[in-house]
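So that the names make sense, note that chain A is the first sequence line, chain B the second, and so on, each numbered from 1. Excluded from the calculations below are hydrogen atoms, water molecules and symmetry mates; all remaining heavy atoms, backbone and side chain alike, are included.
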Protein chains: 2
Amino acid sequence: MREQGYAAVTSRALAAKAGLKPQLVHYYFRTMDDLFLALWHRRADSLYKRQDDILKSTKPLKALWDLTSDPQDVVLSYEFVALANHRKNIRAEIAEFGDRYRERQMKILTGLLKKKRDALGGWPVMMSVMVLDSLARVLAVEDALGMKVGHAKARGAVGRLIKQLER
Amino acid sequence: MREQGYAAVTSRALAAKAGLKPQLVHYYFRTMDDLFLALWHRRADSLYKRQDDILKSTKPLKALWDLTSDPQDVVLSYEFVALANHRKNIRAEIAEFGDRYRERQMKILTGLLKKKRDALGGWPVMMSVMVLDSLARVLAVEDALGMKVGHAKARGAVGRLIKQLER
DNA sequence: GTCTATACCGAGATAGAC
DNA sequence: GTCTATCTCGGTATAGAC
């Protein structure tokens, strides 16, 4: 899915990787949509767990930025969203996850950032969270594409900001 | 491409929409990759032109934010990036466009924003441009998915910031 | 649980008539 | 330029034997 896109995830390709016959895939997951949903649920659980770990971290902002910047993760998320774009039942689940994930993120960061609103230009905490989140995602996707312009400056600026906030 | 993803763009589907036979698609574009590249070149030209118009606008920041927020546009871009993710020749062209597009964006905004760096928390102009850009994109994609959390707050904050900068 | 056999469909692509 | 005819491949999915 990461290397060739969700469209390359076929019963034949999966079976070949496992050294088995394609029909077995349909034995475990009747349809390919079932399979993608199962895959998504695994992933959602894993993301929630990693989010919880960030709560316990001594530098949650840094940890969050690193998590959201992971190119492997971002490319996978990208594929799931593309998949959601034309499979309605998957879209509903992903949208629900996205909203819930952000709400949890707010809980983690509200306490930390409220005291430092002036260092963040006085913006609402929600806004700062979304800016960091979207910037990390876009940078990672662009990296995967091979884009470069502005990346060093942006990563530098964010790195310094986070260091200052968590000193 | 917007409604069902790039994978739904097939010679058969295109021909059906045009009331013609699928083989004609291959007459005009030998391979489907040729077709996607032609489509991309059209789109790139159009995006460059709209970027130029922003230069002439009296409120370029507002115009830029609106352009980048257009859900139809963003979803299409999303599909092209997903496509690029597993077609190397397309990836190269899209990455090149992305870098060039951002450099042009810098030229448009550097003059405008340099004088107002204090209103932007002292961040480099490049950083402000990328923050606005990535936030607009992520909001639009999330909208398309049906996500809501934080959107009103983020749009409100950005709207006020842009208004203040361009008053 | 894993296999063989098999169905059906729709994708990309080419050859050649008109 | 548009058609008919045709090929090949690879996708999803089911039935039924072992």
Side-chain angles (χ1 to χ4, degrees), chain A residues 1-45 72 75-95 97 144-145, chain B residues 1-45 72 75-95 97 144-145:
Chain A
M1 204 164 167
R2 238 189 274 115
E3 289 161 15
Q4 303 172 46
Y6 66 84
V9 179
T10 66
S11 47
R12 275 175 154 91
L14 287 173
K17 281 229 172 182
L20 297 166
K21 299 290 163 182
Q23 293 88 330
L24 255 200
V25 174
H26 295 286
Y27 172 75
Y28 286 104
F29 309 93
R30 203 181 61 84
T31 70
M32 291 306 284
D33 270 23
D34 289 346
L35 184 146
F36 278 118
L37 268 179
L39 191 57
W40 171 252
H41 288 148
R42 260 210 199 186
R43 180 172 171 70
D45 285 346
Q72 301 241 328
V75 168
L76 243 193
S77 293
Y78 205 90
E79 285 298 323
F80 270 110
V81 170
L83 180 64
N85 245 344
H86 71 285
R87 310 235 190 156
K88 287 164 203 171
N89 48 337
I90 295 180
R91 168 161 47 203
E93 300 234 24
I94 291 188
F97 168 86
L145 270 184
Chain B
M1 204 165 169
R2 239 189 273 114
E3 289 160 15
Q4 302 172 47
Y6 66 84
V9 179
T10 67
S11 48
R12 279 175 153 86
L14 287 173
K17 281 227 174 189
L20 297 167
K21 299 290 163 184
Q23 293 88 333
L24 254 200
V25 174
H26 294 287
Y27 172 74
Y28 286 103
F29 308 93
R30 203 180 61 85
T31 70
M32 290 307 284
D33 270 22
D34 290 345
L35 185 146
F36 278 118
L37 268 180
L39 190 57
W40 170 253
H41 288 147
R42 261 211 198 184
R43 178 171 173 69
D45 285 346
Q72 301 242 326
V75 168
L76 244 192
S77 294
Y78 205 91
E79 284 299 322
F80 270 110
V81 171
L83 180 64
N85 244 345
H86 69 286
R87 310 237 190 156
K88 287 164 202 168
N89 48 336
I90 295 181
R91 168 161 46 203
E93 299 234 23
I94 290 188
F97 168 86
L145 270 184

Check DNA chain D against residues 80-91 of chain A and give the residues with a non-hydrogen atom under 4.0 Å, in numerical order. none
Keeping to residues at least two apart or across chains, list the salt bridge (charged side-chain N to carboxylate O under 4.0 Å, His left out) pairs with something in residues 3-22 of chain A. none
Determine which pairs satisfy salt bridge (charged side-chain N to carboxylate O under 4.0 Å, His left out) with at least one residue from residues 24-35 of chain B, sequence neighbours left out, and list them in order. B/D33-B/R87
Give me the ring orientation class for A/W40 and A/F97: parallel if the planes are under 30° apart, tilted from 30 to 60°, perpendicular past 60°. perpendicular
Protein-nucleotide distance ([X], atom [atom1]; [N], atom [atom2]), rounded to Å:
X	N	atom1	atom2	result
A/Y28	C/dC3	OH	C1'	13 Å
B/Y6	C/dG12	OH	P	13 Å
B/L14	C/dA11	CG	C1'	12 Å
A/L24	C/dT2	CG	P	5 Å

Among residues at least two apart in sequence or on other chains, which ones pass ring-ring contact (aromatic ring centres under 6.0 Å, His included) with A/F29? none
I'd like to check the ring-ring contact (aromatic ring centres under 6.0 Å, His included) partners of A/H41; sequence neighbours left out, ordered by chain and number. none
What closest approach, in Å, do B/A8 and B/A13 show between heavy atoms, and which atom pair accounts for it? O-CB, 3.8 Å
With a 4.5 Å limit on heavy-atom distance, are the side chains of B/F36 and B/E79 in contact? no
Between B/L35 and B/L14, is the side-chain contact (heavy atoms from CB on, under 4.5 Å) condition met? List the steps. CA-CA 11 Å; B/L35 185 146; B/L14 287 173; 3.6 Å; yes
Base contacts versus sugar-phosphate-only contacts with protein, heavy atoms under 4.0 Å: please encode nucleotides 12-18 of chain D as B, S and - from 5' to 3'. BBB----
